[in-house]
Amino acid sequence: QVQLVESGGSSVQVGGSLTLSCSASGVTFSDKSNCMGWFRQLPGKEREGVAAIYTGDNGSIYYSASAKRRFTISKDNAKNTIFLQMNSLKPEDTGIYYCAAGGSVEVGRILPALFHHWGQGTQVTVGS
């Protein structure tokens, strides 16, 4: 059974940084086909992909256009954990951030419908 537990969400000032963590159980990080991702749901918007990583050795990494240059996804296979480092945060980054597993990235697109397991989400609030 796959379980995903996010942590690290908080309230930060504009321009600040946060690192989210997602601890996974029931997921084989050494499996080259295992893909995990970070998604977010902004107020009044549909859930959208932020970043994804294939957790096997030399796995590929993908970012949405909004995440490029500011967000970094990484993994620690020994701890079965992925991270999302977020820098230069803006008010429009405010929302609930979710970790997901059991998915894939198709033609560079990080689509929620392609991921099968989800965490409960963690709130990120960016304010002045």
Side-chain angles (χ1 to χ4, degrees):
Q1 183 178 358
V2 175
Q3 288 191 323
L4 306 172
V5 180
E6 302 101 334
S7 61
S10 182
S11 295
V12 294
Q13 292 188 334
V14 174
S17 298
L18 274 179
T19 299
L20 306 181
S21 301
C22 173
S23 178
S25 58
V27 175
T28 304
F29 267 52
S30 59
D31 183 347
K32 292 184 177 182
S33 68
N34 181 57
C35 182
M36 297 185 65
W38 285 101
F39 296 79
R40 66 185 184 182
Q41 191 155 13
L42 309 182
K45 301 286 184 64
E46 293 189 354
R47 195 171 299 188
E48 63 178 7
V50 175
I53 185 168
Y54 282 83
T55 59
D57 288 346
N58 302 311
S60 297
I61 289 175
Y62 301 88
Y63 293 100
S64 67
S66 62
K68 284 181 181 178
R69 293 182 296 278
R70 296 191 299 127
F71 294 0
T72 302
I73 189 171
S74 61
K75 62 186 177 73
D76 183 337
N77 283 26
K79 296 182 178 180
N80 271 32
T81 300
I82 66 168
F83 305 94
L84 185 68
Q85 170 72 39
M86 304 186 292
N87 298 321
S88 302
L89 284 163
K90 306 174 182 180
E92 51 264 42
D93 294 316
T94 294
I96 302 173
Y97 285 69
Y98 298 90
C99 172
S104 62
V105 175
E106 303 295 331
V107 199
R109 299 179 67 189
I110 309 167
L111 300 175
L114 297 181
F115 285 74
H116 302 293
H117 308 288
W118 293 86
Q120 81 286 354
T122 186
Q123 176 71 43
V124 172
T125 303
V126 184
S128 56

Derivation and outcome, side-chain contact (heavy atoms from CB on, under 4.5 Å), residues E92 and L42: CA-CA 8 Å; E92 51 264 42; L42 309 182; 5.6 Å; no

Could you note down all residue pairs passing ring pair (Phe, Tyr, Trp, His ring centres under 6.0 Å) where residues 90-115 supplies at least one of them, sequence neighbours left out?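 Listed by first then second residue: F39-F115.
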
Pairs flagged by ring pair (Phe, Tyr, Trp, His ring centres under 6.0 Å) wherever residues 51-70 is involved - sequence neighbours left out: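 Matches after skipping sequence neighbours: none remain.
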
Salt bridge (charged side-chain N to carboxylate O under 4.0 Å, His left out) partners of residues 64-91, not counting sequence neighbours, each pair once: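 Qualifying pairs, neighbours excluded: R70-D93.
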
Can you list every salt bridge (charged side-chain N to carboxylate O under 4.0 Å, His left out) pair that touches residues 105-128, not counting sequence neighbours?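 Every candidate salt bridge (charged side-chain N to carboxylate O under 4.0 Å, His left out) pair involving residues 105-128 fails, so no pair, neighbours aside, qualifies.
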
Is there a path of hydrophobic side-chain contacts, each under 4.5 Å between heavy atoms of I/L/V/M/F/W/Y residues, joining [Y] to [X]?
X    : Y    : value
L20  : I73  : yes
I82  : L84  : yes
I96  : V124 : no
V5   : V50  : no
I110 : W118 : yes

Taking distance alone, no hydrogens or angles, what donor-acceptor pairs closer than 3.5 Å link side-chain atoms of residues 7-17 to residues at least two apart or in another chain?
residue	atom	partner	partner atom	Å
S17	OG	N87	OD1	3.0

With a 4.5 Å limit on heavy-atom distance, are the side chains of S64 and R40 in contact?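 No; the side chains remain at least 4.5 Å from each other.
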
Identify every side-chain donor-acceptor pair in residues 22-37 under 3.5 Å, counting partners at least two apart or on other chains, and give the distances.
residue	atom	partner	partner atom	Å
D31	OD1	S33	N	2.9
D31	OD1	S33	OG	2.8
D31	OD2	S33	OG	3.3
N34	ND2	T55	OG1	2.8

Among all residues two or more places apart in sequence or in another chain, which pass the side chain to side chain donor-acceptor pair (under 3.5 Å) test with [X]?
X    : value
T125 : Q123
Q3   : none
T19  : Q85
Q41  : none

Other than F83, which residues form its hydrophobic cluster under the rule that side-chain heavy atoms must be closer than 4.5 Å?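 Besides F83, the hydrophobic cluster comprises nothing; the residue is isolated.
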
For Q120 against L4, the heavy-atom pair lying closest together: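 Between these two residues, the closest heavy atoms are OE1-O, 3.6 Å.
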
